[in-house]
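This report concerns only the one structure given below.
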Amino acid sequence: MKTKISGVELRRIAMPLVTPFRTSFGVETSRDVLLVRVVTSDGEGWAECGAMSEPRYCSEYADGAQAVLREFLVPALPKDGLDVQAVQRTLKPFTGHRLAKSALETALLDARLRSADESFGSYLGAARDRVPCGVSVGIMDSVPELLDAVEEYIAEGYLRIKLKIEPGWDIEPVRAVRERFGGDLLLQVDANAAYTLADARRLAGLDDFGLLLVEQPLANDDMVQHAELARRLRTPICLDESIESAADAAAAISLGACSVINIKPGRVGGYLEARRIHDLARAHGVAVWCGGMLETGIGRAANVALAALPGFTLPGDTSGSSRYFATDITEPFVLTEGHLEVPEGPGTGVDPLPDVLDEVTVSSEWIAL
Ligand code: OSB
Ligand code: MG
């Protein structure tokens with residue numbers, strides 16, 4: 001059955017964060033989100049683009065993603081009919097722009113799955129109906145402030161804590177969290193590319209604290225340097241920014257640049273590429289977990305489905321809606337015993353709440369096909 005696409009809506013929303021989120025690349029106080037809605041002969045589909053307002057985490061940013069969708073990706077879609085493979089073939093000649101491509105592919109996939117009455121989880125191969133959740137804790141002004149935040153997240157049931165680190169905020173906060181909450185707490189750190197290989201001795205200082213992993217210590221394109229660092233640390237290295245495709249994952253694994261991978265579907269161009277990385281990593285005994293980009297319920301729903309695949313053996317950054325927003329644009333995701341349930345309805349299984357969506361909408365454009 002061929003599907004016709006009549007058009008695509010690009011909608012921008014402004015979502016204030018409940019607490020500022022500071023990383024080594026900047027501070028976020030409000031999430032500027034690009035939503036994609038496709039309208040097809042089979043019905044609608046929604047997706048969320050992971051791009052942030054500035055190109056710091058990666059080269060994409062929300063205005064840029066919107067522009068490339070408007071100017072190139074949406075107009076290239078086959079008008080008379082398509083399936084997901086046809087969409088991938090159409091988008092492939094355009095270099096990069098994976099977050100933008102992912103949003104378009106995911107919205108189309110959502111529309112197709114809804115019309116086929118199949119859930120994302122079932123389509124992707126989910127092996128369980130709920131997933132264990134961790135939380136990513138930003139850089140704070142002081143250690144006591146950090147300890148209060150971590151204490152609250154643990155009280156809410158989060159099963160794993162990830163601390164954002166940067167030079168000057170690494171050993172001390174990690175030691176303080178270990179001392180306060182004990183050696184059994186599942187703890188890991190994320191540097192967002194803030195170090196260089198010259199910092200190897202400092203990073204080796206993290207080896208004393210029994211961390212699950214250190215995420216993306218070096219620059220995005222430092223694959224070889226990560227392999228060298230891996231030889232100097234006992235703490236497992238996990239890559240985030242460096243892995244933009246299954247080919248990158250294969251290279252990283254064969255180089256020994258990482259022993260864990262953070263899979264973010266947007267970063268790798270979509271859920272199908274994300275699943276390829278999962279399959280490859282699993283075949284090599286490399287653990288994976290599902291990362292996040294401070295998503296609303298729209299993006300979160302599909303991420304939670306992905307995180308239910310059998311190779312996702314570590315808790316993800318799939319936190320509850322309240323960790324990010326006072327009001328989510330879907331029914332909120334709420335933790336139960338540190339887990340989120342995989343949505344069961346067709347497609348992503350969630351719908352934007354029209355009133356909330358209208359309230360947070362900043363702009364909307366319609367691209368007819
Ligand atoms: O590096 O994993 C990251 C948020 C935005 C951009 C990059 C990252 C993050 C997080 C938070 O760590 C993940 C989440 O809770 O969505
Ligand atoms: Mg990261």
Side-chain angles (χ1 to χ4, degrees), residues 15 17-34 48-62 65 98-99 102 131-140 149-150 153 156 158-166 169 187-195 211-220 222 226 236-244 252 258 260-268 274 288-304 306-307 314-325 328 332-333 335 340:
M15 298 287 290
L17 293 167
V18 289
T19 154
F21 184 60
R22 181 168 153 211
T23 65
S24 62
F25 62 80
V27 189
E28 218 64 27
T29 55
S30 179
R31 192 74 179 83
D32 168 14
V33 182
L34 169 63
E48 173 169 349
C49 179
M52 308 187 80
S53 52
E54 297 183 8
R56 296 181 183 274
Y57 163 79
C58 67
S59 63
E60 289 182 81
Y61 60 106
R98 291 180 170 87
L99 296 171
S102 172
V131 300
C133 300
V135 59
S136 176
V137 186
I139 295 167
M140 310 242 163
V150 170
Y153 288 132
E156 286 173 35
Y158 286 102
L159 300 170
R160 180 226 74 195
I161 299 292
K162 159 169 141 181
L163 303 181
K164 290 291 190 178
I165 60 168
E166 67 182 4
W169 181 266
L187 184 63
Q188 64 193 50
V189 294
D190 185 359
N192 288 109
Y195 296 85
L211 300 178
L212 286 169
L213 56 90
V214 52
E215 181 178 346
Q216 196 70 40
L218 311 180
N220 301 19
D222 274 356
H226 275 109
I237 290 182
C238 169
L239 290 177
D240 172 354
E241 286 89 328
S242 291
I243 307 295
E244 296 188 341
C258 66
V260 183
I261 297 175
N262 166 340
I263 300 185
K264 291 180 187 171
R267 194 193 65 223
V268 302
V288 304
W289 54 280
C290 184
M293 293 294 290
L294 313 174
E295 286 89 352
T296 71
I298 299 285
R300 189 162 311 285
N303 284 352
V304 169
L306 179 73
L314 292 168
D317 281 346
T318 46
S319 306
S321 296
S322 66
R323 182 258 172 269
Y324 311 94
F325 313 113
D328 206 336
F333 280 81
L335 248 61
L340 286 183

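Atoms within each ligand, like the ligands themselves, are counted from 1 in listed order. Index from 1, following the sequence. When reading the values below, keep in mind they use all heavy atoms of this one structure, side chains included, and skip hydrogens, waters and symmetry mates.
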Atoms in ligand 1 with a heavy atom of Ser136 nearer than 4.0 Å:
10 (C), 11 (C), 12 (O)
Give the numbers and elements of all ligand 1 atoms closer than 4.0 Å to a heavy atom of Tyr324.
14 (C), 15 (O), 16 (O)
min-distance protein heavy atom vs atom 7 (C) of ligand 1 -> Lys264 NZ, 3.3 Å
Could you pull out the closest heavy-atom pair between Leu294 and Phe325, with the gap in Å?
O-CZ, 3.6 Å
Specify the protein heavy atom at minimum distance from atom 1 (O) of ligand 1: its residue, its atom name, and the distance to 0.1 Å.
Asn192 ND2, 2.7 Å
Which atom of Asp190 approaches the Mg ion (ligand 2) most closely (N/O/S)
OD2
Row check, Trp289 ring normal vs Arg160 NZ/CZ: under 6.0 Å, within 45°
yes
Parallel, tilted or perpendicular: ring planes of Phe25 versus Tyr57, cut at 30 and 60 degrees:
tilted
Hey, which N, O or S atom on Glu215 ends up closest to the Mg ion (ligand 2)?
OE2
Atom 4 (C) of ligand 1 - nearest protein heavy atom and its distance
Phe21 CE2, 3.6 Å
Does one side chain, of Asp32 or Ser53, offer a donor that lies under 3.5 Å from an acceptor on the other?
no
So, 2.8 Å as the limit: is an N/O/S atom of Asp240 located closer than that to the Mg ion (ligand 2)?
yes
Judged by non-hydrogen atoms, does Glu215 sit under 4.0 Å from ligand 1?
yes
